[in-house]
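Report on the following structure.
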2 protein chains.
Amino acid sequence: MKPLKITIDVVAQKAGVSKTTVSRILNGNYAHTSEKTRNRVLQVMKELDYRPNALAKGLKSLRTDVIGILLSNLKNPFWATVLEGVEDACRASGYNLMICNSDEDPELEFQAIRQLQMRQVDGVVMNPTMRNPNLYRKLVEDAYPLVVMNRRVDDLGAQSVVVDNVKGASLAVEHLLRCGKRRPAVCYYANPGVTTWQDRVEGYRLAMKSHGYGEHDLRVVEAEQSPNAVKHAVLELMKKHPDTDAVFSTNNMMTLEVIEALKELGLRIPADVAVLGYDDTVWAKHMDPPLTTVRQPGYEMGKIAANLLIQSIRDGGHPAADPVVLQPELVIRRSCGWQSS
Amino acid sequence: MKPLKITIDVVAQKAGVSKTTVSRILNGNYAHTSEKTRNRVLQVMKELDYRPNALAKGLKSLRTDVIGILLSNLKNPFWATVLEGVEDACRASGYNLMICNSDEDPELEFQAIRQLQMRQVDGVVMNPTMRNPNLYRKLVEDAYPLVVMNRRVDDLGAQSVVVDNVKGASLAVEHLLRCGKRRPAVCYYANPGVTTWQDRVEGYRLAMKSHGYGEHDLRVVEAEQSPNAVKHAVLELMKKHPDTDAVFSTNNMMTLEVIEALKELGLRIPADVAVLGYDDTVWAKHMDPPLTTVRQPGYEMGKIAANLLIQSIRDGGHPAADPVVLQPELVIRRSCGWQSS
DNA sequence: TTGAAAGCGCTAACAC
DNA sequence: GTGTTAGCGCTTTCAA
């Protein structure tokens with residue numbers, strides 16, 4: 001005797017109704033169904049522990065209640081936070097989540113989107129590598145439900161949620177200056193096209209200029225995203241400009257190396273050189289000294305992105321709204337010294 | 001004129017063959033197909049940018065090439081590492097990944113499994129909350145493809161991959177002793193049923209005893225998983241046993257609080273009290289002092305778990321193999337002082 | 001209020 | 001080597 005799969009048919013049969021009726025009840029389509037049958041069917045479902053096959057449902061209804069998330073980096077804990085936000089939003093709305101990782105590789109990004117589409121996910125939220133402009137454009141042309149997070153893809157017309165990075169950097173620079181620092185530098189990863197870092201450098205530039213600094217007063221250090229590259233870059237910086245009295249680091253992993261370099265040089269933080277980092281990670285407050293950082297609302301970004309997507313799936317079509325821009329926030333600890341006022 | 005969905009039928013039609021033929025070619029079933037037709041069909045697929053509907057395929061073939069991952073905590077960066085391993089393994093084998101988070105809640109864990117099953121995933125890899133024994137048992141009774149990670153569920157008969165936590169703790173204690181410490185304490189989270197922490201405490205106990213310590217020499221401090229609980233517990237410990245000269249912290253987040261507490265007391269690390277942490281996180285080597293830790297192969301755990309699962313899906317039935325046990329490794333830095341030999 | 005029947009897009013016997 | 005056909009388990013007109 002074989003185990004017999006519990007399908008809608010066996011429920012219908014056992015309840016003595018047609019599968020149409022079962023289907024209606026399954027979908028809360030109670031309008032045309034008597035309470036008596038409804039209860040009987042519900043009862044049978046419970047007894048049989050009936051689990052509707054989502055594949056069959058999706059095939060017919062053209063909706064799977066699954067969305068895809070496409071990240072570009074799982075190594076940075078920031079993304080775990082974002083993921084948590086997305087996951088929570090999905091669960092709250094009855095969606096499931098399919099996860100892909102492009103690892104900043106445009107080819108993998110391309111493949112991931114393809115896979116997600118073949119799997120008929122209802123939409124995708126992604127942090128784009130920025131290296132597949134045609135792909136992004138195609139998606140919005142096809143009116144594919146899409147929300148872009150974290151990085152700006154200009155003139156795309158897709159829904160997006162980002163954090164104001166220019167603002168974040170301004171907050172940082174302003175704070176450094178208020179703490180009496182006069183020669184702040186900024187450090188960022190070389191990754192052409194990625195707006196987050198561009199914007200943070202731009203924010204540094206703007207804030208500096210608004211305080212009377214000229215172009216040649218700026219100290220902008222670029223580093224590859226490879227082991228010790230940041231450390232070397234900072235060592236270099238301090239050799240070339242020994243009077244540098246603050247480093248604004250635009251990435252959370254980067255900050256760790258910046259501090260390492262400074263300590264190696266025997267410099268005291270913040271007395272000799274202040275350090276201001278990006279992302280208020282779990283470890284920031286436990287560093288020595290406790291790190292002053294620009295906090296990004298990662299969880300919120302994920303949650304909002306997912307909710308926007310779900311909403312646009314449900315309402316159909318999304319009127320290419322303005323980007324949602326979230327505000328960063330300065331978390332002041334001890335790595336920049338004391339504000340003078 | 002409507003956009004016309006590209007199905008196997010339109011490919012077949014355009015190529016002038018039946019959909020059977022297209023299906024065969026799609027699945028690399030080249031045995032019974034002439035090279036000529038094959039090329040023509042492949043060509044047409046390309047031209048049409050044909051994307052087979054995975055729902056239809058799965059409905060018919062009873063395999064989706066999707067597996068589920070069920071985590072219990074996204075906040076701890078350790079799990080991002082594990083996730084990365086799982087993701088890589090999936091990509092390499094042509095699987096997609098559906099992700100769920102139980103957040104240590106048995107009810108959510110139950111729901112997640114249900115969802116994954118309705119979605120017809122081919123199998124699940126999970127870090128169990130340990131609070132749903134019946135659920136776990138049911139799954140293996142039903143011969144549902146399942147791999148359990150990280151935590152031991154005794155006598156379950158499911159495939160599993162874990163790290164040797166007793167060993168990890170021994171490594172830690174031995175090192176502390178070698179560094180000349182004489183009164184080491186251990187700190188762990190109160191979470192009944194979770195074997196990881198139990199095993200680490202057990203490892204501490206065993207190692208201590210093998211060095212001639214008696215039961216009353218052990219200093220085992222338990223803390224709730226809530227803000228500052230660890231800090232208070234450590235403060236308490238140092239008050240009660242001021243001669244404690246080392247703390248072995250069994251969790252990466254916990255370690256941060258341990259250090260905070262110690263510093264607050266004006267104790268020097270490692271001169272006064274050594275600290276040895278669990279999990280070699282990205283930040284460990286940048287702490288002050290750089291942290292000596294027990295490294296767990298998280299990425300490997302994820303990758304191996306996923307590969308085991310995929311293999312057992314492909315081979316059908318899994319002969320309830322012995323658990324794969326991975327070895328932890330001591331990463332020596334400066335937070336425990338110097339070894340005496 | 002309920003049911004019959006026609007698919008959704010694919011796979012896999014089985015025939016030719 | 002290729003095609004015919006009968007479903008997979010559900011939703012959804014349309015009719016009763």
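Computed from a predicted model, the values in this text were never measured in an experiment. The chains referred to below are lettered A, B, ... by the order of the sequence lines, with proteins before strands, and numbering in each begins at 1.
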Inset, instruction - Would you check if there is a donor-acceptor pair between the side chains of B/E104 and B/T129 at a distance under 3.5 Å? - result: no

Inset, instruction - Give a yes or no on whether B/Y299 atom OH has more than 12 heavy-atom contacts from other residues, nucleotides or ligands under 6.0 Å away. - result: yes

Legend entry - Where protein sits on nucleotides 9-16 of chain C, one letter per nucleotide: B base, S sugar-phosphate only, - none, heavy atoms under 4.0 Å: BBBBBB--

Inset, instruction - Provide, to the nearest angstrom, the distance between the CD1 atom belonging to A/I25 and the C1' atom belonging to D/dT12. - result: 16 Å

Inset, instruction - Please report, rounded to the nearest Å, how far the C1' atom of C/dT1 is from the CG atom of A/N39. - result: 15 Å

Inset, instruction - Hey, could you give me the CG/CE distance between B/L70 and B/M149, rounded to the nearest 0.5 Å? - result: 8.5 Å

Legend entry - Reported CD1-to-NZ distance for the pair B/I113 and B/K138, which is rounded to 0.5 angstrom: 11.5 Å

Inset, instruction - State whether B/K75 and A/E84 are salt-bridged, where the test is any N-O pair (Lys NZ or Arg NE/NH1/NH2 against Asp/Glu carboxylate O) under 4.0 Å. - result: yes

Legend entry - N or O in side chain of A/S18 less than 4.0 angstrom from C/dT2 OP1/OP2: no

Inset, instruction - Indicate whether OP1 or OP2 belonging to D/dT2 is found under 4.0 Å from a side-chain N or O atom of B/T33. - result: yes

Legend entry - Heavy-atom closest pair, residues A/R131 and A/Y136: N-OH, 3.5 Å

